[in-house]
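Okay, structure first, notes after.
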Number of protein chains: 2
Amino acid sequence: MSDLLQRLRDRGWRLTAQRRVVAEVLDGEHVHYTADEVHARAVERLPEISRATVYNTLGELVSLGEVIEVSTDGRAKRYDPNAHHTHQHLVCSRCGVIRDVRPSGDPLALLPEEERFGFTLSEATVTYRGICPSCASAG
Amino acid sequence: MSDLLQRLRDRGWRLTAQRRVVAEVLDGEHVHYTADEVHARAVERLPEISRATVYNTLGELVSLGEVIEVSTDGRAKRYDPNAHHTHQHLVCSRCGVIRDVRPSGDPLALLPEEERFGFTLSEATVTYRGICPSCASAG
DNA sequence: TCTTACATTGGACATTATCCAAGTCAAGAA
DNA sequence: TTCTTGACTTGGATAATGTCCAATGTAAGA
């Protein structure tokens, strides 16, 4: 994640303790926290950090393309730092756990020309749903 | 939509004026209203209908599989009555307009076995994003 | 060290959705 | 037809999530 901090500095980001803590919380391979979860974890390291700052910082990271917003359930958005490797999401319909997955081939290619209605396509996001092994074995 | 009303009656639904109006509002081919939009349109026909009833009815229609919940933007959920023809959605990144589209082939098939992590898959939902013709010509 | 533009804060406010107790009514029974 | 009853509806309170703003604080260059 120090790569991230370096990139942000290069783009003229002012590096505050709050932003550093948010970036640290998002460090990891398969992290998909809500804004409130990020805030709760950030508070453990920097007790005075406010929710507004967490929202601001997450929004900035999304604008900069360093973090992806994911909404798999119509409830709180989740923030995914795995932005530099395109991937899709596999979600358990029962417990909600999320895995990053990589389909073979580009989902965009599945949409035929006559189904594009003149749109200039930029991306396709896929959400796979099913039951995860631990929910399956729990009956 | 009278087909829908018949199916609901067959399932023991009590057919009230409110439910009938919600079903009528959702009649159509490419309808993607939010709950509030459904409520606004329902009020035109039945001024005393409450928001709670609209939410209740929409929730029931979703449970019954007659309507699909769509959240393309992390804001209010939208309700799509085109539930009996599987389809995906094409969304304009600028104005938010939504089209129903049909990919060629099953998006589920794109996820290789080793990327399924033991999940029992049930569906894949795809959101295509791009710029619609009218936004494109508007600069 | 000083300056200042940018960042943070807490609380008010906005949006979307759910819950609940009281009142109402659709539809089957008589 | 009228009666009965359990299901449905209502409005308002409440919850969950997110945004805004004026006052205050501070990182980083001069």
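As the structure is a computational prediction, the values presented were derived from the model and not from experiment. In what follows, chains carry the letters A, B, and so on, assigned in the order in which the sequence lines appear, proteins first and then strands, with residues in each chain numbered from 1.
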Length of the line joining B:Arg51:CZ and D:dA13:C1', which is rounded to integer Å: 12 Å
Any B:Gln18 side-chain N or O less than 4.0 Å from OP1/OP2 of D:dT10: yes
Check: B:His39 side chain, B:Ile49 main-chain N or O, donor-acceptor pair, under 3.5 Å: yes
Nucleotide D:dG29, atom P - distance to CZ of A:Arg9 in whole Å: 11 Å
Residue pairs involving residues 103-121 of chain B (criterion side-chain hydrogen bond (donor to acceptor under 3.5 Å, both in side chains); sequence neighbours excluded): none
Residue whose nearest DNA chain C nucleotide is more 5′ - B:Leu15 or B:Ala35: B:Ala35
Sugar-phosphate, base or nothing in reach of A:Thr16, heavy atoms under 4.0 Å: sugar-phosphate
Contact under 4.0 Å: A:Tyr55 side-chain N or O vs D:dG18 OP1/OP2: yes
Segment of DNA chain C, first to last nucleotide, that comes within the 4.0 Å heavy-atom reach of chain A: C:dA5 to C:dG10
B:Gln6-B:Asp10 side chain donor-acceptor pair, cut-off 3.5 Å: yes
Verify same cluster id: B:Leu46, B:Val43 (apolar side-chain graph, 4.5 Å): yes
Option passing side-chain contact (heavy atoms from CB on, under 4.5 Å) with A:Leu26 (candidates A:Val38, A:Asp80, A:Thr57): A:Val38
Gap between atoms CZ and P, on A:Arg19 and D:dT26 respectively (whole Å): 15 Å
Nearest-Å distance for atom pair CZ/P, residues B:Arg20 and D:dT9: 12 Å
Considering only distance and modelled atom types, tabulate donor-acceptor pairs under 3.5 Å from the side chains of residues 124-133 of chain B, sequence neighbours left out.
unit_1, atom_1, unit_2, atom_2, d
B:Arg129, NH1, B:Thr72, O, 3.3
B:Arg129, NH2, B:Thr72, O, 3.1

Those residues of residues 42-50 of chain B lying under 4.0 Å from DNA chain D by at least one heavy atom: B:Glu48, B:Ile49, B:Ser50
Heavy-atom check, side chain of B:Leu64 versus side chain of B:Leu8, under 4.5 Å: yes
Sugar-phosphate, base or nothing in reach of A:Ala52, heavy atoms under 4.0 Å: base
Salt bridge (charged side-chain N to carboxylate O under 4.0 Å, His left out) partners of A:Arg20, counting only residues at least two apart: none
Length of the CG-P vector between A:Asn56 and D:dT19, whole Å: 9 Å
Whole-Å gap separating P (D:dG6) and CZ (B:Arg14): 11 Å
Atom pair distance, as rounded to whole Å: CG in A:Asp36 and P in D:dG18: 8 Å
Interatomic distance where CG belongs to B:Asp73 and P belongs to D:dG18 [whole Å]: 12 Å
Residues that B:Arg78 engages under salt bridge (charged side-chain N to carboxylate O under 4.0 Å, His left out), provided they are two or more places apart: B:Glu37
